[in-house]
Q: 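The following block contains the structure, expressed as structure tokens.
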Amino acid sequence: MLVLIALAILISLGTWQVERLHWKEGLLADIATRQAAAPVPLADIEAMAASGDIEYRKVTATGRYINNKERHFFATWRGQTGFYVYTPLELADGRILFVNRGFVPYENKEPEMRTQGQLTDQQTVTGLARAKLPGKPSSLVPDNDVAKNIFFWKDLDVMAESVGLDKARVLPFFVDADSTPNPAGLPIGGVTQVDLPNDHLQYALTWYGLAAVLVVVVAISWFRKSGKSPRQ
């Protein structure tokens, strides 16, 4: 009886992983479709954000960068340590959209080290919408060092408050700018990484494999107890 229960559990776990595999493949395909689609107006993303999923949807927005209020998110890009530059974009109606303009090396953290990339006048940015995080992703993630303007997780409310912006005016999501080149090459846009591990097939094979091993072990044990050989 216990063997049958164990076998049922192993097969159920394998089947669950197969279901997860199909779900993950569908999710990755959906993300790829969103990234390949034509950009939509910011108003469309705002409408979706109220009740739907906006992650990785392509969007375009127009406004003026408030360069003296940029926030810095610690990151690595292609093996190099540095920061993603999050700059408030002031829209025509006075609201604020935080834009991840891209990566700068560690030594270029301060704006005066990349003055040509500090865009002025009206700018139109195209990129991917990213949802606001509900909280710190993990206890393993360091706390943000607001005093030094070094963020280890994207706390939108604190980013806004730390530069004196009214949270009520800040849109509840970010936009990751695309790879359109900036003057002098910094920041480097197009840094969005889709990090969704898809190991469900290996897990499924592991559980099914254990189920097969259990069947073999039980069969051998039965043959030995019955005084028979598996070859007979």
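Worth knowing before you read on, the calculation uses all heavy atoms, side chains too, and leaves out hydrogens, waters and symmetry mates. Because the structure is a prediction, the values reported are computed rather than measured.
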Q: To check you understand the geometry: which heavy-atom pair defines the closest contact between Thr126 and Pro39, and what is its length?
A: CG2-CB, 4.1 Å
Q: Are any non-hydrogen side-chain atoms of Arg130 and Thr192 less than 4.5 angstrom apart?
A: yes
Q: Is any side-chain N of the basic residue among Arg169 and Asp93 closer than 4.0 Å to the acidic one's carboxylate O?
A: no
Q: Report yes or no: do Val218 and Val215 belong to one cluster of Ile/Leu/Val/Met/Phe/Trp/Tyr joined by side chain heavy-atom distances under 4.5 Å?
A: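 Yes; Val215 is reachable from Val218 via cluster members.
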Q: Check Asp157 with Lys132, please: is the shortest side-chain N to carboxylate O separation under 4.0 Å?
A: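 Salt bridge: yes.
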Q: Between Val59 and Leu128, is any pair of side-chain heavy atoms under 4.5 Å apart?
A: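 Answer no - side chains too far apart.
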Q: Compute the ring centroids of Phe83 and Phe103, then answer whether they are less than 6.0 Å apart.
A: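 So the answer is no for these two rings.
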Q: Provide the closest heavy-atom pair for Phe173 versus Ala49 in the form atom of the first, atom of the second, distance.
A: CD2-CB, 4.1 Å
Q: To the nearest 0.5 angstrom, please state how far the CD atom of Gln17 sits from the OG atom of Ser12.
A: 12.0 Å
Q: Taking the basic N atoms (NZ, or NE/NH1/NH2) and the acidic carboxylate oxygens, is any pair closer than 4.0 Å for Arg95 and Glu46?
A: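 Salt bridge: yes.
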Q: Hey, does the side chain of Ser221 reach the backbone of Val217 with a donor-acceptor pair shorter than 3.5 angstrom?
A: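 Looks like no, no N/O pair under 3.5 Å.
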Q: Write down the atom of Gln80, the atom of Pro105, and the distance for their closest heavy-atom approach.
A: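 Where Gln80 meets Pro105 most closely, the heavy atoms are NE2-CB, 3.5 Å.
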Q: Would the distance check show the side chain of Asn108 and the main-chain N or O of Arg114 forming a donor-acceptor pair, the cut-off being under 3.5 Å?
A: no
Q: Got a salt bridge between Asp176 and Arg101, using NZ or NE/NH1/NH2 to carboxylate O under 4.0 Å?
A: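 Result for this pair is no, no salt bridge flagged.
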Q: For a 4.5 angstrom cut-off between non-hydrogen side-chain atoms, does Trp77 reach Tyr84?
A: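 Trp77 reaches Tyr84 side chain to side chain.
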Q: Going through the distances and angles, do Gln35 and Lys58 end up as a side chain to side chain contact (heavy atoms under 4.5 Å, CB included)?
A: CA-CA 6 Å; Gln35 290 179 315; Lys58 194 174 289 185; 5.6 Å; no
Q: Please assess Asp143 against Lys136 for the test side chain to side chain contact (heavy atoms under 4.5 Å, CB included), listing each intermediate value before the final yes or no.
A: CA-CA 9 Å; Asp143 292 330; Lys136 191 176 181 180; 2.7 Å; yes
Q: Closer than 3.5 angstrom, by distance alone: can the side chain of Ser162 be matched with the main-chain N or O of Met159 as a donor-acceptor pair?
A: yes
Q: Identify the residue among Tyr86, Tyr56, Phe73 that makes a ring-ring contact (aromatic ring centres under 6.0 Å, His included) with Phe174.
A: Tyr86
Q: Got a second to check how far Thr60's OG1 is from Asp44's CG, nearest 0.5 Å?
A: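 Those atoms lie 11.5 Å apart.
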Q: Quick check: closest heavy atoms across Ile45 and Ala129, and the distance to 0.1 Å?
A: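 For Ile45 versus Ala129, the nearest heavy atoms are CG2-CB, 3.9 Å.
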Q: Can you tell me how far the CG atom of Asp166 sits from the CD1 atom of Ile96, to the nearest 0.5 Å?
A: 9.5 Å
Q: If you measure from CG on Leu205 to CG on Asp199, what distance do you get to the nearest 0.5 Å?
A: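 So the gap between those two atoms works out to 11.5 Å.
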Q: If the condition is side chain to side chain contact (heavy atoms under 4.5 Å, CB included), which residues does Ala61 pass it with, not counting sequence neighbours?
A: Leu42, Leu89, Leu97, Val125
Q: Under a 4.5 Å cut-off applied to non-hydrogen side-chain atoms, are His72 and Ile150 in contact?
A: no
Q: Please evaluate residues Phe98 and Lys154 with respect to the criterion side chain to side chain contact (heavy atoms under 4.5 Å, CB included), reporting the C-alpha separation (whole Å), side-chain torsions for both, the decisive distance (0.1 Å), and the verdict.
A: CA-CA 11 Å; Phe98 266 87; Lys154 297 179 291 183; over 6 Å; no
Q: If we only count heavy atoms from C-beta on, is the Leu13 to Leu210 side-chain gap below 4.5 Å?
A: no
Q: When hydrophobic residues are tied together by side-chain contacts of less than 4.5 Å, even through go-betweens, does Leu156 share a cluster with Val141?
A: yes
Q: Taking the side chain as C-beta and beyond, is there a heavy-atom pair between Ser179 and Val191 under 4.5 Å?
A: no
Q: In terms of side-chain geometry, is the basic nitrogen of Glu110 or Lys148 positioned less than 4.0 Å from the acidic oxygen of its partner?
A: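 Judged by the 4.0 Å cut-off on N to carboxylate O distance, Glu110 and Lys148 do not form a salt bridge.
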Q: For a 4.5 angstrom cut-off between non-hydrogen side-chain atoms, does Val18 reach Tyr208?
A: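 Yes, at least one pair of side-chain atoms sits under 4.5 Å.
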Q: Consider only side-chain heavy atoms of I, L, V, M, F, W and Y, link residues closer than 4.5 Å, and tell whether Leu186 and Met113 are in one cluster.
A: no
Q: Could you pull out the closest heavy-atom pair between Lys109 and Val104, with the gap in Å?
A: CA-CG2, 4.3 Å
Q: Determine, using the 4.5 Å side-chain heavy-atom cutoff (strictly less than), whether Val99 and Val163 are members of one ILVMFWY cluster.
A: no
Q: For Phe152, does its backbone N or O pair with a side-chain atom of Asn144 as donor and acceptor, under 3.5 Å?
A: yes
Q: Can you check salt bridge (Lys or Arg N to Asp or Glu O under 4.0 Å) on Arg34 and Asp53, steps first, answer last?
A: CA-CA 11 Å; Arg34 294 182 184 192; Asp53 176 15; 3.1 Å; yes
Q: Determine, step by step, whether Thr124 and Thr62 satisfy the side chain to side chain donor-acceptor pair (under 3.5 Å) criterion, reporting the C-alpha distance in whole Å, the side-chain angles of both residues, the deciding distance to 0.1 Å, and the verdict.
A: CA-CA 4 Å; Thr124 296; Thr62 299; 2.8 Å; yes
Q: Run the side chain to side chain contact (heavy atoms under 4.5 Å, CB included) test on Thr87 and Asn67 for me, step by step, so that the C-alpha distance in whole Å, both residues' side-chain angles and the decisive distance to 0.1 Å come before the verdict.
A: CA-CA 6 Å; Thr87 306; Asn67 291 309; 4.0 Å; yes
Q: Do Arg64 and Gln123 have side chains that get closer than 4.5 Å, going by heavy atoms?
A: no
Q: For the residue pair Phe74 and Tyr106, categorise the inter-ring angle as parallel (less than 30°), tilted (30 to 60°) or perpendicular (more than 60°).
A: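 If you compare the ring of Phe74 with that of Tyr106, the planes turn out perpendicular.
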Q: Report whether Leu133 and Val146 are members of the same hydrophobic cluster (ILVMFWY, side-chain heavy atoms less than 4.5 Å apart, transitive linking).
A: yes
